[in-house]
J.: 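One structure is given below, represented as structure tokens, and several questions about it will come after.
Lettering follows sequence order; numbering is per chain, from 1. Quick note: numbers below take in every heavy atom, side chains included, and nothing from hydrogens, waters or symmetry partners.
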Amino acid sequence: MSNFEYANAPESKTIAKISQSYDLFIGGKFVKPKKGKSFNTVNPATEEVLAKIAYADKLDIDLAVSSARSAYTKVWSKLPAKERGKYLYRIARILQERAREFAVVETLDNGKPIRESRDTDIPLATAHFFYHAGWADKLEFAGVGNNPKSLGVVGQIIPWNFPLLMLAWKIAPALATGNTVVLKPAETTPLTALLFAEVCQQAGLPDGVVNIITGDGITGAALVNHPDINKIAFTGSTEVGKAIARSISSTKKSATLELGGKAANIVFEDAAIDEAVEGIVNGIFFNQGHVCCAGSRLLLQENVMDEVLEKLKKRMSLIRVGDPMDKNTDLGAINSSEQLKRIKDLASAGDSEGANRWSPECKLPSKGYWFAPTIFTGVSQSHRIAREEIFGPVLSVLTFRTPIEAIEKANNTMYGLSAGIWSDKGSKILWAAKQLKAGVIWSNTFNKFDPASPFGGYKESGWGREGGRHGLAAYLESDAKVNK
Amino acid sequence: MIIDGSEASLKKFLSELPPVDQVGVEARTSMLATRSIKTTSKSWAIDLAISMVDLTTLEGADTPSKVKSLCAKAVRPDPTDLTVPSVGAICVYNDMVKIARQELDFIGGINIPVAAVSTAFPSGRASLAVKKQDTQDALDAGASEIDMVIDRGAFLSGNLGKVFEEIKIIKELCGKKAHLKVIFETGELVTYDNVRKVSYLAMLAGADFIKTSTGKVTPAATAPVVLVMLEAVRDYFSITGQKIGVKPAGGIKTTKDAIKQLVLVNETAGPEWLNPALFRIGASSLLNDLLMQRTKLRTGHYASANYVTID
């Protein structure tokens, strides 16, 4: 060996006991779907089938919603708030104890590197339960009014990019505020949600407080349209978000929608360049770019463009692409063949519109769904790759000459979920943050999350906020609202 | 030439270096610390690390016997296993240089350089004349590497020209006889911006190696400090085509620490720096842990501490 080639360092799969098939989790028990239909979930890194998953249709959803309703009226809404908190603490502790198992299952089902599921997804999901457990008996101090009331039964639909973390973002605040839940995980990543169902049983959570139904978009639509749902919480594409908004428009259902993004990551000339390069890499290649708040548009000040691009390319050559179960992998598999096709289509649109594609040399595995880390330079605002969410490891590089131009370009999008500012100058950072129309703005860092920090978008990036006090408000009705 | 030699041009160059973001540099090193180095790569890394150790004794209580036994250890770190490479160098005070050189030549360590700490080590608080004489003594005694300390007081008070000049003068004294390592004592310079500035300052003044610490001050060779220095040598190479070495010293005690340093090198300056000519680790207790881990990898079990020698 002449170079420092890292030998394989695979995480063991033995800790993950994945069953051959999974039923629906309704009323505290696993039950067979009424029509007996099922679908497979596969490991995107190998295309192997991991398990057979029950497919829920309308009849199953009726059962799930009615079990959530009866749990709400008979048990959960009558429970003293601090008792709700105890359950949440218990769930958080069980998640912590079973963290390694959850990380392995998440990586197998999703394709993300074990380093990320182990160091980011699972610890953050746990933190969300701990954080909200603390809120359960302090809701009158959440700023929603003196005696805030829960809404009832909440329908929740989550995406495949951070399966357990998104579940935690949804379930923890819903339960802390006294609501009961019917949650549908994404079709391609249902396993950690089903494992979480076991955690609910282990924690002795009253039956029906959490119900987990699996299926596809049709299942999700049926849940949204169920008449006995009080609120919809959705994270996913803007297209589906709009459809949900339309279908609940003539009902009393409230909604939080956390949708797409096309975040600008702005590097000013006075930035700490080496750390900015790290931030650019983290911004777009974290989780294969399957991140709604990914820094997918890099805005570089023209006078540092060459330096930044040179360093960025060097740094990208070090990204380790491959087996997600290897502890040294930086970039894992694309979650599904559908998503891979979408990424490829948009990347070819970049080629045909005249942008310059660059990827480091990297060997991609022959089986599974893979896409090399890619940047496009010479991108202009009118290119599709500067406007549409790619949701993959593809970065569009644009330039600007003055700070005002940077802000104008950053805001010139239908999205507004997040943005990044790289500068060593405090006054410039504050000025830019004030001008940017985005729900989350990071300065000199990117993709940092905390349960206490609200998350959500401007414009077509969504409605409402999740996390923090603001996130609680989305699950509560104030006195004032009730009296109206 | 990047600078014209005047203090003004030096200051201008250093002030135009991009800043270092503390949070970012620490995040990068903590991510790299999660690299999992196993089996074949671990055994390769352990041998490389052994060959990079500057085996050091810098005590007031040093005696010729102590130095001689260190030399024996340097040549054959594990007397029961001759496949173990020799260390990178022996590092001593300048009155011990002659003893070390003679002993090494005598016991088959003719290729192992002797490094002398110099210029009023560890504080650097002496006149230039004393610093020069200190260095000259070491060179006369046969040192082929000079580990000089910078005047931290001058650096912190903005007297960059003085720091630069001293390095330049010591470098001239070393000439072709010895490699010059410049010790910053980063624990006293404190900020990463200072580490970046002083790295460039030393490289411009003629350092062959830049070194974190004396080992007498904590914190010493922390991972973020080493990362900033590795970035500096990487970028200096792309500007000048010249490769400067890096030597973390102080606080690297275990095989795990050493491997983390090698990962930093590999993913920052690049594989070309994974070479004792460009990367050294200043240490005393590290060597024995490397030997114990090496045995563990080979035999599958840990030997008692009595199986490694305590020279």
J.: Applying side chain to side chain donor-acceptor pair (under 3.5 Å), run through B:Thr83 and B:Arg294 and close with a yes or a no.
T.: CA-CA 11 Å; B:Thr83 63; B:Arg294 195 179 188 277; 3.2 Å; yes

J.: Centre of A:Phe268's six-membered ring, under 6.0 Å away, within 45 degrees of the axis: is that where NZ or CZ of A:Lys428 sits?
T.: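 Satisfied, under 6.0 Å and within 45°.
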
J.: Please flag which part of A:Asn8 lies under 4.5 Å from any non-hydrogen atom of chain B: side chain, backbone, both or neither.
T.: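 Only the backbone of A:Asn8 comes within 4.5 Å of chain B.
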
J.: Looking at B:Pro18, B:Ser36, B:Gly24, B:Pro271, which one has more heavy-atom pairs under 4.5 Å with chain A than the rest?
T.: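 Top count of heavy-atom pairs under 4.5 Å with chain A: B:Ser36.
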
J.: Would the distance check show the side chain of B:Asp54 and the main-chain N or O of B:Ile281 forming a donor-acceptor pair, the cut-off being under 3.5 Å?
T.: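 Not at all, since once roles are kept as given, no pair shorter than 3.5 Å links the two residues.
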
J.: Give me the ring orientation class for A:Phe446 and A:Trp442: parallel if the planes are under 30° apart, tilted from 30 to 60°, perpendicular past 60°.
T.: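 Geometry flag for A:Trp442 against A:Phe446: tilted rings.
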
J.: Between the side chains of B:Asp235 and B:Ser238, does any donor sit under 3.5 Å from an acceptor?
T.: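 Not at all, the side chains of B:Asp235 and B:Ser238 share no donor-acceptor pair under 3.5 Å.
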
J.: Going by distance alone, is a donor N or O of one side chain under 3.5 Å from an acceptor N or O of the other, for A:Gln96 and A:Thr126?
T.: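 Side-chain D/A pair, A:Gln96 to A:Thr126: absent.
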
J.: Using non-hydrogen atoms and a 4.5 Å limit, figure out which bit of B:Val265 sits close to chain A: side chain, backbone, both or neither.
T.: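 For B:Val265, there is no contact with chain A at all, as no heavy atom is under 4.5 Å.
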
J.: Given a strict heavy-atom distance threshold of 4.5 Å, which part of B:Leu262 is in contact with chain A: side chain, backbone, both, or neither?
T.: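 For B:Leu262, heavy atoms of backbone and side chain both lie under 4.5 Å from chain A.
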
J.: Where do B:Phe13 and B:Tyr236 land on the ring pair (Phe, Tyr, Trp, His ring centres under 6.0 Å) test, with the steps shown first?
T.: CA-CA 13 Å; B:Phe13 176 81; B:Tyr236 191 77; 8.3 Å; no

J.: Answer with side chain, backbone, both or neither: which region of B:Val23 has an atom nearer than 4.5 Å to a non-hydrogen atom of chain A?
T.: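 Looking at B:Val23, nothing touches chain A.
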
J.: Less than 4.5 Å to any heavy atom of chain A: does that hold for the side chain of B:Glu231, its backbone, both, or neither?
T.: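 Interface part for B:Glu231: side chain.
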
J.: Rounded to the nearest 0.5 Å, what separates atom CD1 in B:Ile252 from atom OG1 in B:Thr254?
T.: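 Going from CD1 on B:Ile252 over to OG1 on B:Thr254, the span is 9.0 Å.
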
J.: Given 3.5 Å as the limit, does a donor-acceptor pair link the side chain of B:Ser41 with the main chain of B:Ile37, or not?
T.: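 Not a single qualifying donor-acceptor pair exists.
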
J.: Top residue by heavy-atom pair count (under 4.5 Å) with chain B, among A:Glu278, A:Arg320, A:Lys327?
T.: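 Among the listed options, the one with the most contacts to chain B is A:Glu278.
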
J.: Do A:Tyr6 and B:Asn266 have side-chain N/O donor and acceptor atoms under 3.5 Å apart?
T.: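 Per modelled atom types, A:Tyr6 and B:Asn266 side chains form a pair under 3.5 Å.
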
J.: Do B:Phe184 and B:Lys211 have side chains that approach each other closer than 4.5 Å (heavy atoms only, starting at C-beta)?
T.: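 Contact flag for B:Phe184/B:Lys211 side chains = no.
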
J.: For residues 269-277 of chain A, give me every residue with a non-hydrogen atom less than 4.5 Å from any non-hydrogen atom of chain B.
T.: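 Within residues 269-277 of chain A, the residues that come under 4.5 Å of chain B (heavy atoms only) are A:Asp270, A:Ala271, A:Ala272, A:Ile273, A:Asp274, A:Glu275.
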
J.: How many angstroms lie between NZ in B:Lys42 and CG in B:Asp47, if you round to the nearest 0.5 Å?
T.: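 Here the rounded value is 12.5 Å.
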
J.: Under 4.5 Å, heavy atom to heavy atom: which of residues 112-125 of chain A reach chain B? Give them by number, or say none.
T.: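 Checking residues 112-125 of chain A against chain B gives A:Arg115, A:Arg118, A:Asp119.
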
J.: Which bit of B:Arg35 comes within less than 4.5 Å of chain A, counting heavy atoms only: side chain, backbone, both or neither?
T.: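 It is both, since atoms from each part get that close.
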
J.: Go through the side-chain N and O atoms of B:Asp289 and B:Thr255 and say whether any donor and acceptor fall under 3.5 Å apart.
T.: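 Checked: B:Asp289/B:Thr255 side chains pair up, N/O donor to acceptor below 3.5 Å.
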
